[in-house]
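Source: prediction; values computed, not measured.
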Amino acid sequence: QVQLVESGGGLVKAGGSLRLTCTGAGSIFSVNTMAWYRQAPGKQRELVGSITKAGSTNYAASVNGRFTIAGDITKNTVTLQMNNLRPQDTGVYFCHMSVFQPWGIEGADYDYWGQGTQVTVSS
């Protein structure tokens, strides 16, 4: 079993900062990518930022320059530093990891999700 445990959400005023942390626990063989998604009320879940095991990062245009994703695959940990937060950043933030597991004949990639952490930015 694999569990992703998130922390660091909360309430902050516009212009403030928050740092989210996600740690994977359990049987994790090899992480491919780590990412953060968010879902605002009434909207679809969207990618905020991702990082590969090689260290390549990708960000949504709306957060580029304000958010920074960092990962430590030796600790199965990914963080999201969020600066200059805006009310439109409000939502539930989910951690995601794509993991190669050597199960079966050839192994396969598996997707794991955290339970979500609420981020609320007041104006």
What distance do [X] atom [atom1] and [Y] atom [atom2] have between them, rounded to the nearest 0.5 Å?
X: Asn84; Y: Asp89; atom1: CG; atom2: CG; result: 8.5 Å
X: Gln118; Y: Leu11; atom1: CD; atom2: CG; result: 9.5 Å
X: Met97; Y: Ile73; atom1: CE; atom2: CD1; result: 11.0 Å
X: Leu4; Y: Thr77; atom1: CG; atom2: OG1; result: 10.0 Å
X: Cys22; Y: Leu80; atom1: SG; atom2: CG; result: 11.0 Å
X: Thr33; Y: His96; atom1: OG1; atom2: NE2; result: 6.0 Å

Please report the C-alpha distance between Trp103 and Phe29 in whole Å, then the side-chain angles of each, then the deciding distance to 0.1 Å, and finally whether the ring-ring contact (aromatic ring centres under 6.0 Å, His included) criterion is met.
CA-CA 10 Å; Trp103 301 333; Phe29 183 77; 9.6 Å; no
So, Glu6 side chain and Cys95 main chain: donor-acceptor pair closer than 3.5 Å or not?
yes
Strictly by modelled atom types, are Gln81 and Thr79 linked by a side-chain donor-acceptor pair under 3.5 Å?
no
[X] to [Y] - nearest heavy-atom pair and separation:
X: Thr90; Y: Ala40; answer: O-CB, 3.8 Å
X: Met34; Y: Asp72; answer: CE-N, 3.8 Å
X: Ser17; Y: Asn83; answer: OG-OD1, 2.9 Å
X: Met82; Y: Leu85; answer: CB-CD2, 3.8 Å

Do Val2 and Val99 have side chains that approach each other closer than 4.5 Å (heavy atoms only, starting at C-beta)?
no
Are [Y] and [X] linked, directly or through intermediate hydrophobic residues, by side-chain heavy-atom contacts shorter than 4.5 Å (ILVMFWY only)?
X: Phe94; Y: Val31; value: no
X: Leu18; Y: Trp36; value: yes
X: Trp113; Y: Val119; value: no
X: Tyr37; Y: Ile51; value: no
X: Val92; Y: Leu47; value: yes

Between Phe67 and Tyr93, what is the ring plane arrangement, given parallel below 30°, perpendicular above 60°, and tilted in between?
tilted
Quick one: side chain to side chain donor-acceptor pair (under 3.5 Å) pairs with a partner in residues 43-61, sequence neighbours left out?
Arg38-Glu46
Quick one: list whatever passes side-chain hydrogen bond (donor to acceptor under 3.5 Å, both in side chains) with Gln101, sequence neighbours left out.
Tyr112
